[in-house]
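A note on names: the letters A, B, ... follow the listed sequences, proteins ahead of strands, and every chain is numbered from 1.
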Number of protein chains: 4
Amino acid sequence: MPDRPVSEFLCPLRAKRARRKEARPGELLQAALDLFVDKGFAATRVEEVAARAGVSKGTLFLYFKTKEELFQAVVTHNIAGLFVQWEQEFLDFEGSTPEMLRYCMRTWWERVGLTQASGITKLILAEGRNFPELADFYRREVVKPGQALIRRMLERGVTRGEFEIDDMDHTLYAVIAPMLFLMLWRHSANACVDAELDPERYLQALSDTVLRGLCTPGARTTLSSPPAS
Amino acid sequence: MPDRPVSEFLCPLRAKRARRKEARPGELLQAALDLFVDKGFAATRVEEVAARAGVSKGTLFLYFKTKEELFQAVVTHNIAGLFVQWEQEFLDFEGSTPEMLRYCMRTWWERVGLTQASGITKLILAEGRNFPELADFYRREVVKPGQALIRRMLERGVTRGEFEIDDMDHTLYAVIAPMLFLMLWRHSANACVDAELDPERYLQALSDTVLRGLCTPGARTTLSSPPAS
Amino acid sequence: MPDRPVSEFLCPLRAKRARRKEARPGELLQAALDLFVDKGFAATRVEEVAARAGVSKGTLFLYFKTKEELFQAVVTHNIAGLFVQWEQEFLDFEGSTPEMLRYCMRTWWERVGLTQASGITKLILAEGRNFPELADFYRREVVKPGQALIRRMLERGVTRGEFEIDDMDHTLYAVIAPMLFLMLWRHSANACVDAELDPERYLQALSDTVLRGLCTPGARTTLSSPPAS
Amino acid sequence: MPDRPVSEFLCPLRAKRARRKEARPGELLQAALDLFVDKGFAATRVEEVAARAGVSKGTLFLYFKTKEELFQAVVTHNIAGLFVQWEQEFLDFEGSTPEMLRYCMRTWWERVGLTQASGITKLILAEGRNFPELADFYRREVVKPGQALIRRMLERGVTRGEFEIDDMDHTLYAVIAPMLFLMLWRHSANACVDAELDPERYLQALSDTVLRGLCTPGARTTLSSPPAS
DNA sequence: AATGAATGAGGGTTCATTCAT
DNA sequence: CATGAATGAACCCTCATTCAT
C-alpha cells in the first residue's frame, strides 16, 4: 500500500500538486547534494540549487532557513543505515575470508563508491572542520559501523588461520585507506591523479597486494586463481 | 650569534625596516598556510592573512599579485620545494629498496604529513574543481614529481630483484593511498577516525603489509629485522 | 489615457512593483547616461548610477552584468538604435541630395547633438584607449553605420549628378568633422569656445559651405532657396 | 653664456647631480604629458609617470603635491605663446588668401597637429569639465588667439574680394573643426576612425572643399593649380 | 505556498599618498 | 633630497537573505 497521504484521495485534483509539494524538500536535497559534492559548500550558490530543483530561490528558504542548514540536511539525509545489508551478508557468507574481503570491496564499490553516497565522504572531509556536529554524526553513523564490519572480517580471517595480523588497528586502515582514496579520486580526480586509473582494476590490484600481505602461506595459494569478475 | 645581515650593524637605523622587508614574504606565507589549511582557499580572506602577518591588505599585494599566486607560493614553499632533497636522497641511497621505501615514507611523514603542509592536500581535494589553475599547479608541482619518485623506487626494487609487481600503475596508488589517508586523517580527524591512530605505527604496519605484498620471497627475509626507528 | 498595462487593473496590488520592474532599465540607463557624460566612464561609480536611479548597487547588476555592458546598453539605447530610422528615411527620401544632407544634419542635431547622447562621443574619444572593448563596440555600432549612411548620401549625390567628389574618403570626414565639433563644443564649451555659437546657424553655415564645395554648378542653384527650417 | 647656476662652477662635482635635480620637474612633466594624453587622467598612474621620468614614486610627490596638481602643471607648462610666429607670418604673407589659408593649415599641422601640443587639446576636451580653471586658462591662451588669427585671414580674403562669407562666426568654425578633428584622430584614432586616414591628404581635400565653398567665382580659378606639396 | 525583485555586506584588487629610513 | 615599503580608501562585482506581491 502506497504511502501517499489521505488528502490525496479526498481531493484528487490537488493530488499532483500536493505530492510535488511534499517532494520539494527531497528534490532540493538531491540537487544540493549534487552541487555540494561537485563544488563544495562555499562555491555552491543556493540559486543554482533551487534552479536545479525546479523552484525559485525564495522557495528554498521556505524549507531551509539558511544555506548551512541546507548543507546539514543534505548530509544527514544521505547517511542511512548502509550497513544493515552488509551485516547480514557477513553472517551468511560461507567462503574463505580473502574471498569475503574481495566480495566486500567489490560490493562496497558498487553500492557506495560508484554512487553519490561517496560524495558525502568527500563533503565531510572537505568541510568537516566547519561543521563539527556533522562530523560527529558522520563518525557515529558511518565510520564506526564501517570499521567494525571490516574488523570482524579481519578477525574472521585470523580465527580461521587465513590471515596473519600483527597490528589489527592499523591493518584495518590499510584496507580502508584505498577505498577512501577511490572515493576522493572519483570526486576530485582532476586534482589528484595524473594517469588514467581504472577503479575496478585498482581494487583488484589492491586486494591482491593487501591479501598477499595478510595471508598466511597456506591461504595464499587460494589467491593464485582469483574469481573472474 | 644571530644571523642578521652585516649591513644592519653598519647602518642600525635601517635595521628594523630592512629586516621586516626580508621577513615579510615568509610571515605572509606562514599566515596564509595557517588560514588556507584551516578554512580552505575560498573562505580565507586575504585581509585576514595580512592581518595575521601584521600588515595591511595592500601590503600583501606588494608581494603576491593575486590570491592564487599567494597560494601557489605557499605550495612551492611548503611542498614542491622538498622534492629537490628527495631526489638527491634517492640517488645517494645505498641500502635495499624496502628500506628505501620505509625511509622515504618516514621522512615524508616528518616533512609533510606532520606539518601543516599536509593540509594543502585536503584543500586541493576539496576545492580543486573550483580553481582549476590551482589544481593544475598542484598536480604539476606536487603530484607529478611525487608519483615519479615513488615509481622510480618501485622500479628500482623490481630491477634489483626485490619486488614483484604485476601492475605498476595501480601498485603505485597502493603506496600513495595510505599517505593520502594519513594526511586527511590529521586534518579531518574528528570526521574520520574513532580510535586513536598512531601515525608512526600506522606507517610501520602499512609498510609491513605493503612490503610483504610486494617483496619476492628472497627479499622478504630482510623485513624481519626492520631498522630501529 | 495612461499606458499602463491592463494587468495592472486586474491586479492592482501588483501594479506598483511590476511597473517599477519594467521601468528600471530605463531609469538606470538614464542615470548612467547622465553620469557617464558628466564624469566619464572610469570616474563614474556604478553605485552612484544605482543611487541616482533610486535602487541599490546590487539591483543594477540584475539588469546589467557589468559596468561595460551598462555602457553598451547606453550607447545602443541612445545612438545605435537611431540608425534604423535614418536608414528608412534615407530610402524614402525623394528630394535632392543637398536637401537630404541638410535634413540629415538637422535631424542628427535634434536626435543626438542636442541630447546628452552627444556626450558619449566625447567619452569615447577621451577614454576609448583605456577600454578597447568599449571603443570596438562604439565603432561597430555607431561609427561604422554612421559613416556608411553619409557615404551613401554622398554617393547618391554623385550618381544623380549633384555632387562632384574627388576623394570620397576624405570628403566624408569633411562632413563628419563639423558634427563631431559640435558635439565636443556642447560638452566642453568652457574649454573650446569663446563667442556664443548657435549650433543651428552653425549647421546652416556649414552645410552652405560644404555644399557649395561639393555641388556641381548646375546643382548649386538649388541652394539659393533653402527650405524653411 | 650658458645659463647654468653659479654653484656648478664652485663645486663641479655637484654639477651633474644639481643639473639633473633642476631638470627633474621638466622630465616629470614630459613623462606626464605623454601618459595623460595617451591614457587620460584617471587611467594614468603616478608610479608610471615617475618610472618614465626615471625617479621613484616618492620623488614625484616632492615636486607636485597631488596628481591633480601634476596634471595642471602639465597643461599650463605646455601652453606657450604659440601664436607669435604665426602673427608675424600673417603680416608678412604676400600671396593670395586661399594660398595663405593652405599654408597656415599645413604649418599648423606640422607645428601643432603632429607634435605633442595637440595632445593638450585632447586633454582639455576630455578632462576639461573636471578642471575648470585649466579650461579657462586654455581658452584665454590658445582658443582666443587662434580664432583671432583665422578670423583675420578670412577677413583678409573678404577684403581682397577672394572670399564670399555670409556668416563669419560660423564659417570660422568650418575651418577650425577639421583641425580639431585631426588632432582627436591622432590621439583617439582607434575609437573614431575605421578607414585609413592620411592627415596630409585629408588637409588637402579639406582645403579644396572649404575653399571652393568660400571662394568667389573669380578667385576660384586660382584653386585649379594647387602648389605641389 | 511561491515568486523573484531588491538588498547590502563583504571579497579581491588597485593606487594615490605618506613617512621612516 | 630621494627612496620605496606601507597604508587604506575606493571600486567592481557576488550572493545569501528578505519581503512585497
Side-chain angles (χ1 to χ4, degrees), chain A residues 17-18 20-21 24 42-51 54-70, chain B residues 11-18 20-22 24 42-50 54-70, chain C residues 11-18 20-22 24 42-50 54-70, chain D residues 17-18 20-21 24 42-51 54-70:
Chain A
R17 187 166 151 165
R20 288 204 75 193
K21 191 178 97 181
R24 281 282 147 71
T44 294
R45 281 175 298 132
V46 291
E47 185 156 30
E48 208 178 344
V49 174
V55 299
S56 75
K57 199 168 27 166
T59 303
L60 187 150
F61 283 94
L62 291 177
Y63 292 97
F64 305 96
K65 235 173 325 214
T66 68
K67 192 186 181 186
E68 295 213 352
E69 191 174 285
L70 171 64
Chain B
C11 179
L13 291 176
R14 196 158 286 177
K16 187 180 150 207
R17 187 139 177 165
R20 291 198 81 189
K21 199 230 145 152
E22 282 159 26
R24 257 337 158 228
T44 294
R45 281 171 292 133
V46 290
E47 187 158 23
E48 207 178 344
V49 174
V55 299
S56 75
K57 193 167 37 162
T59 301
L60 187 149
F61 285 96
L62 289 180
Y63 295 94
F64 306 97
K65 253 184 311 244
T66 66
K67 192 185 184 186
E68 294 213 350
E69 192 174 283
L70 172 64
Chain C
C11 180
L13 291 176
R14 196 159 286 178
K16 188 180 147 205
R17 186 139 178 165
R20 291 199 80 189
K21 198 231 146 152
E22 282 160 26
R24 269 308 177 243
T44 294
R45 280 170 295 132
V46 290
E47 187 157 23
E48 206 179 343
V49 174
V55 299
S56 75
K57 192 168 34 167
T59 302
L60 187 149
F61 287 96
L62 290 179
Y63 295 94
F64 306 96
K65 254 185 308 243
T66 66
K67 193 186 183 185
E68 294 215 351
E69 192 174 283
L70 172 63
Chain D
R17 188 168 148 162
R20 288 205 74 194
K21 191 178 98 184
R24 282 283 147 70
T44 295
R45 280 175 299 132
V46 291
E47 184 156 30
E48 209 179 342
V49 174
V55 299
S56 75
K57 201 168 24 167
T59 302
L60 187 149
F61 283 94
L62 291 178
Y63 292 96
F64 305 96
K65 234 172 328 212
T66 67
K67 191 187 181 186
E68 295 212 352
E69 191 174 286
L70 171 65

Checklist entry - What closest approach, in Å, do C/T66 and C/F61 show between heavy atoms, and which atom pair accounts for it? => result CA-CE2, 4.2 Å
Next on the checklist: Need one value for A/K57: base, sugar-phosphate or nothing, where a base atom within 4.0 Å counts as base even if backbone is also close, heavy atoms only.
Outcome noted: base
Item to check | Toward the 5' end of DNA chain E, by each residue's nearest nucleotide, C/G58 or B/T59 | outcome: C/G58
Checklist outcome for this item: Under a 3.5 Å limit on both distances, the Watson-Crick or wobble mate of E/dA1 is none
Checklist entry - Could you state the CD-P distance from D/E68 to E/dC15, rounded to the nearest angstrom? => result 17 Å
Next on the checklist: Within the 4.0 Å heavy-atom criterion, would you say A/V46 contacts the bases, only the backbone, or no part of the nucleic acid?
Outcome noted: base
Next on the checklist: With rounding to the nearest 0.5 angstrom, report the OH to CD distance, B/Y63 to B/E69.
Outcome noted: 14.0 Å
Item to check | Atom of C/K67, atom of C/A42 and distance for their closest heavy-atom approach | outcome: NZ-O, 3.4 Å
Checklist entry - How do A/K65 and C/R45 order along DNA chain F: which one's closest nucleotide is nearer the 5' end? => result C/R45
Checklist outcome for this item: Taking every heavy atom of B/L60 against every heavy atom of B/V46, the minimum-distance pair comes out as CD1-O, 3.8 Å
Item to check | Interatomic distance, A/K67 NZ vs E/dA9 P [rounded to whole Å] | outcome: 19 Å
Checklist outcome for this item: Here the distance between atom P of E/dA16 and atom CG of D/L70, to the nearest Å, is 11 Å
Next on the checklist: I want to verify a distance call: between F/dT17, E/dT7, E/dA16, whose nearest atom is closest to the C/V55 side chain?
Outcome noted: E/dT7
Item to check | Selected nucleotide, minimal atom distance to D/L62 side chain, candidates F/dA5, F/dC1, F/dC13 | outcome: F/dC1
Checklist entry - Now, which nucleotide makes the Watson-Crick or G-U wobble pair with F/dT7, with each of the two distances under 3.5 Å? => result E/dA16
Next on the checklist: Is the phosphate of E/dA6 approached by C/Y63 (side-chain N or O, under 4.0 Å from OP1 or OP2)?
Outcome noted: yes
Next on the checklist: How many whole angstroms separate atom CD of A/E48 from atom C1' of F/dT14?
Outcome noted: 14 Å
Checklist entry - What's the closest nucleotide to the C/F61 side chain, out of F/dT17, F/dT14, F/dT7? => result F/dT14
Next on the checklist: From CD of C/E47 over to P of E/dA6, roughly how many Å is that when rounded to an integer?
Outcome noted: 17 Å
Next on the checklist: Without decimals, in angstroms, what is the distance between D/F64 CZ and E/dT17 C1'?
Outcome noted: 16 Å
